[in-house]
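Letters A, B, ... mirror the listed sequences (proteins, then strands); counts begin at 1.
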Amino acid sequence: MSEFLQQIINGLSLGSIYALIALGYTMVYGIIQLINFAHGDIYMVGAFTGYFAILAGLPFPLVLLLAMVCPAILGMFIERVAYRPLRYSPRITALITAIGISLFLENLGILVLSPDPRPFPQVFTNPPFQLGQVTVSIPQVLTFGVALALMVGLTFFIRYTKTGKAMRALAQDLEAAQLMGVNVDSIISVTFMIGSALAGAAGVMVGILIPRIEPLMGIMPGLKAFVAAVVGGIGSIPGAMLGGMLMGLVETLTTGFISSTWRDAIAFGLLIVILLFKPSGILGKNVREKV
Amino acid sequence: MLEIKEMRVAYGAIKALKGISFSVNAGEIVTLIGANGAGKSTTLKTISGLLRPQSGSIIFEGREISTAPSYEIVSLGISQVPEGRRIFPRQSVLENLELGAYQRKDYKGIKEDIQQVFSYFPRLAERQNQLAGTLSGGEQQMLAIGRGLMSRPKLMLLDEPSMGLAPLLVQDIFRIIKEINANGATILLVEQNANMALSIAKKAYVLETGKIVLSGSAEELSRNEQVRKAYLGG
């Protein structure tokens with residue numbers, strides 16, 4: 001039982017990372033139906049921004065802020081130069097561009113930062129504490145806490161602010177939103193900004209949680225977060241949170257109780273099963289509109 | 001108020017509008033009638049800035065707007081109630097109305113206008129916190145019109161407001177359109193239901209495969225032999 005609880009704790013912190021990345025996938029997809037394959041690399045940029053900020057001796061809150069701001073700017077820049085010119089091209093064109101951007105960022109990272117993994121400097125050296133029979137580390141608590149705070153913040157933003165309401169309107173009907181006077185370009189820009197900032201935060205948190213970073217570190221978590229977004233129901237924000245958490249839990253539980261070699265196979269297999277029964281994802285939209 | 005000159009619009013190689021010209025004066029209800037595919041919706045979409053004309057001009061209150069972005073056109077005072085209602089189904093009735101006022105910052109005025117919309121359509125007041133997607137077709141049309149009013153438009157473009165509605169509801173909607181007009185908004189109405197449209201309009205244009213083939217006062221056109229045969233069922 002304590003082993004099970006331990007894996008749940010581990011799963012929740014790992015799931016927080018996936019959830020933060022999955023949010024960016026789902027938000028961008030919800031608005032422009034683009035699978036932004038470069039999103040995992042934005043997460044990598046967040047990790048490296050955090051790495052250099054810590055080496056520069058900045059306090060952790062500032063590190064986190066910088067690691068959100070820099071990827072946010074990069075995400076907006078990529079949208080502006082690479083995706084916006086293709087807004088009215090066939091969807092496959094933008095998709096291929098996204099893959100191109102992803103490869104570009106990865107190889108640029110290898111060139112500039114060297115392909116060798118680096119140890120992420122440890123900010124929190126306090127020993128882990130016991131919670132009953134379960135061991136919890138500070139980075140685990142922090143990862144979960146930061147993710148939770150960001151997700152609550154995002155939910156309020158989307159629900160109650162004018163920009164958030166416009167984002168939801170845009171996701172439902174782009175043309176009708178334009179007729180309301182919504183500036184589509186600026187809302188899409190904000191979407192990339194928020195999604196990238198969340199991925200950046202995930203990058204720092206993963207550095208603290210699993211202290212090893214490298215330019216290709218975004219590929220696998222990016223893919224898993226994408227799958228998590230699809231399982232949760234792509235386009236759905238609570239779906240991405242749920243999908244990410246589920247992904248993390250399945251992974252750690254498989255590692256703990258079955259085998260770490262089978263981890264990804266079993267995790268993905270389970271997700272395929274979920275999609276077989278619920279093709280639009282757990283919280284996917286299945287709205288019938290009246291004609 | 002609105003002056004369209006030799007406007008041409010194409011979807012790729014398909015010419016949807018082959019150079020149309022017409023005008024709408026302040027305070028009028030003007031209707032554009034014609035069959036499916038004549039180019040009526042294309043005309044409205046182009047005025048709203050969703051489509052760009054290949055050539056020609058669109059002048060609103062003395063200003064060329066054919067290259068202006070759609071959000072600027074809304075803030076200049078043109079709103080559109082699109083064909084098929086296009087309300088935001090997963091947002092509440094109230095949120096839909098707020099989105100109609102997206103460009104405005106006078107929160108007091110917005111509140112007043114929401115009450116004004118509720119006085120036109122009391123049904124919407126009862127359902128203000130319901131998701132718009134759960135409304136009936138007629139209620140959705142009311143919401144679409146109400147939402148279109150929320151930007152305080154000088155000119156309101158209405159695309160097929162009668163589509164898919166029961167005859168009694170159609171009469172209701174048209175009565176409200178007249179009321180909106182009486183309260184100061186100019187109306188450009190696109191309709192397949194030519195009978196109803198001609199009964200409330202002052203001026204009318206008949207659109208056929210991308211060209212204006214007839215124009216005149218609504219009264220004249222409703223007596224015109226050709227129009228009667230083609231659009232009024234004899």
Checklist line | N-O pairing of A:Arg87 and A:Asp185 below 4.0 Å | finding: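 Result for this pair is yes, salt bridge flagged.
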
Of the backbone (N, CA, C, O) and the side chain (C-beta and beyond), which part of [X] lies under 4.5 Å from a heavy atom of chain A, both, or neither?
X       : answer
B:Glu98 : side chain
B:Glu95 : side chain
B:Leu50 : side chain

Next item on the list: Indicate the ring-plane relationship of A:Tyr25 and A:His39, choosing parallel, tilted or perpendicular according to the 30° and 60° boundaries.
Entry: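 Judged by the thresholds at 30° and 60°, the geometry between A:Tyr25 and A:His39 is perpendicular.
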
Notebook entry, point to check: Which of the residues B:Ile73, B:Leu157, B:Leu99, B:Ile78 is involved in the greatest number of heavy-atom pairs with chain A at under 4.5 angstrom?
Noted result: B:Leu99

Next item on the list: Compute whether any side-chain donor of one residue and acceptor of the other, for B:Ser162 and B:Glu191, lie under 3.5 angstrom apart.
Entry: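 A pair is found: one side chain offers a donor N or O, the other an acceptor, under 3.5 Å apart.
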
Checklist line | Distance-only polar pair, side chains of A:Ser102 and A:Asp41, donor-acceptor under 3.5 Å | finding: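 Yes, because at least one side-chain N or O of A:Ser102 sits under 3.5 Å from a partner of the opposite role on A:Asp41.
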
